[in-house]
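Here is the naming used below: chain letters follow the sequence lines, and residue numbers restart at 1 for every chain. Note: hydrogens, waters and symmetry copies are ignored here, and every other heavy atom, side chains too, is used. Given the structure is predicted, the values throughout are model-derived calculations rather than measurements.
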Amino acid sequence: MSHQTIELKNVSKTYMRDSLEIPVLSNISLTVPEGEFLALMGPSGSGKTTLLNLIAGIDRPDKKGSNRNPYVNQIIVHGTDLGTLGESALAAWRSRHMGFIFQFYNLLPVLTAYENVELPLLLTKLSRKEKREHVEAALNLVGLADRMQHYPKQLSGGQEQRVAIARAVVSDPTIIVADEPTGDLDKVSAAEIMTLLERLKSEYKKTIVMVTHDPRAAEKAHKVMHLEKGELSS
Amino acid sequence: MRIRKLVFKNMMRHKLRSLLTVLGIAIAVMAFGLLRTVVNAWYAGVDASSVNRLITRHAVSFIFTLPLSYRDQIARVPGVANVTFANWFQGVYIDPDQFFARLAVDADTYLDAYPEFIVEPQHLETFKKERSACIIGEKIAQTYNLKLGDIMPVEGDIYPGSYEFVVRAIYKPREKRTDATQMLFHWKYLDERIRQSQPGREGKVGWYIVTISDPTKAAQVSEAIDDLFANSRAETKSETEAAFQQSFVSMSGAIITAMNFISFVIIGIILLVLGNTMVMTARERMREYAVLKTLGFTRGHIIGLIAGESLLISIIGGAVGLFFTFPTTEAFAAALPSGWFPVFEVAPTTIVLSASSAVLVGVLAALFPIWRATSMKIVDGLRQVG
C-alpha cells in the first residue's frame, strides 16, 4: 500500500483585490499517493497554479478551521501539516522536500548552468566535492553535462528548462511541482521535457504534481484532474 | 559558489550603472573629505592650542597694543608661571600673496611658552644673541628653500621700512597640527626701529602670552589679570588660547557653517545616488528574490544579497573617493596662496568620517529594497516581469 504524500482537506483560498473578495479555490480535498504523477488541468483562472502553490508551501490557504472542525484548510505534505510551520521553517521544509519547475524556467541570468543547479545546495551542509558530484549528476541526468559553464542566455528554451529540472532534482526532493513546464516550449522540446519528467517518476520514484494546459503533456501523467471555477473533478 | 559570489555577480550585472554609481560615491566622498579638511584647517589653531596658555590683549580689539610695562604686573598675578609677548608684524616677503605669520617676539622667553616648536639648543642660543636673527618654521624653510645663515629681506607695512633678518634657527613642529609656517624675530629689533622712525609707538606689544601653572584656574587668573588694568587707558581682555583662536575662526563663522552644512548635504547626495541604484536593482530582481525564496532561501539570505551589493558598491566608491582625497587635497592646498592654511592635512577623523559615511550610506540605501523584497509574497514576486 502506498503512503499518501499529499493530503488536502477542505482547502479554500480567497484573494483580496482592494476590498473585493475573490474566491479561487473552494473546499478542495485531494490525496496524492507517493510516486504518483498527477496532472492538473483547467481553463485560465481556474485556480490550478494557486493549488500547486499551496501544495508547494509557497502560499497559504484561508484561515484554518475551528476546534470543532480542525480538518478545514489543512494541507499535509509528506507527513507535515504545513499550517503549523512558520515562514523560516516552511522555507527550510521547501528546500528539503520540494523541487520546482516553472513555465519561464526562472534561472538566474548571472549564474552559469552549473551555478544555477548548485543554488539549492547552498542551503545544505554538503562539502564542495559532494556538491560538485550532485550538480554533475543532475546535469548528466538532463543531458547538459557539456553546457555546465553556459549562461542561460546562451541556451535554448528547452535547454533552460532542462537546467531548471536539474535544479529541481539536485537536492533529491521527494516531490516535484511543475507549473506549465512545457508552456513556453516548441513541440520537440516539450516532448523532451515530458520524457524527463516521466523518467523522474519511473526511475527516481518522485511524486510529481504538474499544472498544464497541454493535453499531450497531461497524457504522460498517471492521473489527470480538472479544476473548474475553483472545484476539482477527476 | 557562495552567496558572496552571487553578490559580486549581481553587482557586475549592469556594469555601467554600477560604475557610474561607484564614481558618484567616489566624487562625493572626495568632496566631503576636501570640505572637512578645509573646515579642520580653519580650526587648526584652536585644536593646537595649549590649555595652560592664556592670551591677554587689548580689551577693545586685537589691533590695539598694550604697554610693555604690563608684563611685570601680569607676572606677579598668583597662578602665572611665565609671561612673554609678541607683536603682529606682517610685512611682505617676496610677494604680498606669499602669506605667513611674521611675529616680533621676546627672544629670551617666547619659545619657553611654545614647547611644541622644537629648536636645536645651540641655534636657539645664536638666535637669542643676534638682534637681527630670526627663527622660521620648517615649512617656510622648505617653501622658500631657506637655510641657516640666509638673509630674509622683509618690507614692513604696519611698521614701514626695509628689514633684513638672518635665519639662525629652523624649528620643527612637535605634532602634525603644530603650525610650522611662522617667522619669529626679536621684538627689541623692531622696537629700536620704531623708536627711530616713529617715536611714540615704541614700547608697545601686541599681546601677552601667559603660561599658567594650573589650567583649571584659567578663569580666575584671567579675571585677576583684567582686574589689574580695569579703568586704565588700555584695559585688557584675557582668555584661553583656544578661545582667542576661536575668535578668529568666528570671523569666518558663516562660511564654515556653510561648508559644514554642504559637507553633510554631500552625504545625502551619495545616499540618493546609491538609493536610486538599489531601488532600481531590487525592482528588477523581485522575481529572482521570489525564486530564491521558493527554493528555501530565507529572509536573511535576501537581506544579505541586497545589503551585500549595496555595501560592496558603497565601500568601493568610498575607498576610491578616499584614495583620491589625498592628491585632491594636496592640489587644492597648492592652488591656495602660500600660508593660507598653516596646517592643511587630511585628518584621521576625516578618514574615519568619510569611510563610515560610505558604509552608513550602503546600509541605509539597502533598507527600502530589503523591506520590499522581504515583505513581498512569493506568489506576487513570481508573477512580476523582470
Does some side-chain heavy atom of B:H301 sit less than 4.5 Å from a side-chain heavy atom of A:L123? yes
Just wondering, more than 12 heavy atoms not from B:R174 lying within 6.0 Å of its CZ? yes
Which donor-acceptor pairs under 3.5 Å do the side chains of residues 136-146 of chain A make with protein atoms, sequence neighbours left out?
unit_1 : atom_1 : unit_2 : atom_2 : d
A:E136 : OE2    : A:R132 : NH1    : 2.9
A:N140 : ND2    : A:E136 : O      : 3.1

Step through the shown structure and confirm whether more than 12 heavy atoms of other residues, nucleotides or ligands are within 6.0 Å of CD on B:E175. yes
Any side-chain heavy atom of B:K377 within less than 4.5 Å of one from A:N53? no
What residues of residues 85-98 of chain A make heavy-atom contacts with chain B at a cutoff under 4.5 angstrom? A:A91, A:R94, A:S95
Whether over 12 other heavy atoms sit under 6.0 Å from B:F8 CZ: no
Test A:L122 against B:K5 for side-chain contact (heavy atoms from CB on, under 4.5 Å), laying out the working first. CA-CA 12 Å; A:L122 298 183; B:K5 187 176 179 184; over 6 Å; no
Side chains of residues 147-154 of chain A: which donor-acceptor pairs under 3.5 Å do they make with residues two or more places apart or in other chains?
unit_1 : atom_1 : unit_2 : atom_2 : d
A:Y151 : OH     : B:K9   : NZ     : 3.2
A:Q154 : OE1    : A:Y151 : N      : 2.7

Got A:I58 and B:L382 here, is their nearest side-chain heavy-atom distance under 4.5 Å? yes
I'd like to know whether OH of A:Y15 has more than 12 heavy-atom contacts from other residues, nucleotides or ligands below 6.0 angstrom. yes
Assert top hit (heavy-atom pairs under 4.5 Å, partner chain A, pool B:N10, B:L292, B:L295, B:T294) equals B:T294
Please list every donor-acceptor pair under 3.5 Å in which a side-chain atom of residues 99-108 of chain A meets a protein atom from a residue at least two apart or in another chain.
unit_1 : atom_1 : unit_2 : atom_2 : d
A:Y105 : OH     : A:D184 : OD2    : 2.8
A:N106 : OD1    : B:R287 : NE     : 2.7
A:N106 : OD1    : B:R287 : NH2    : 3.2

With a sphere of 6.0 Å drawn around CZ of B:F326, does it hold more than 12 non-hydrogen atoms of other residues, nucleotides or ligands? yes
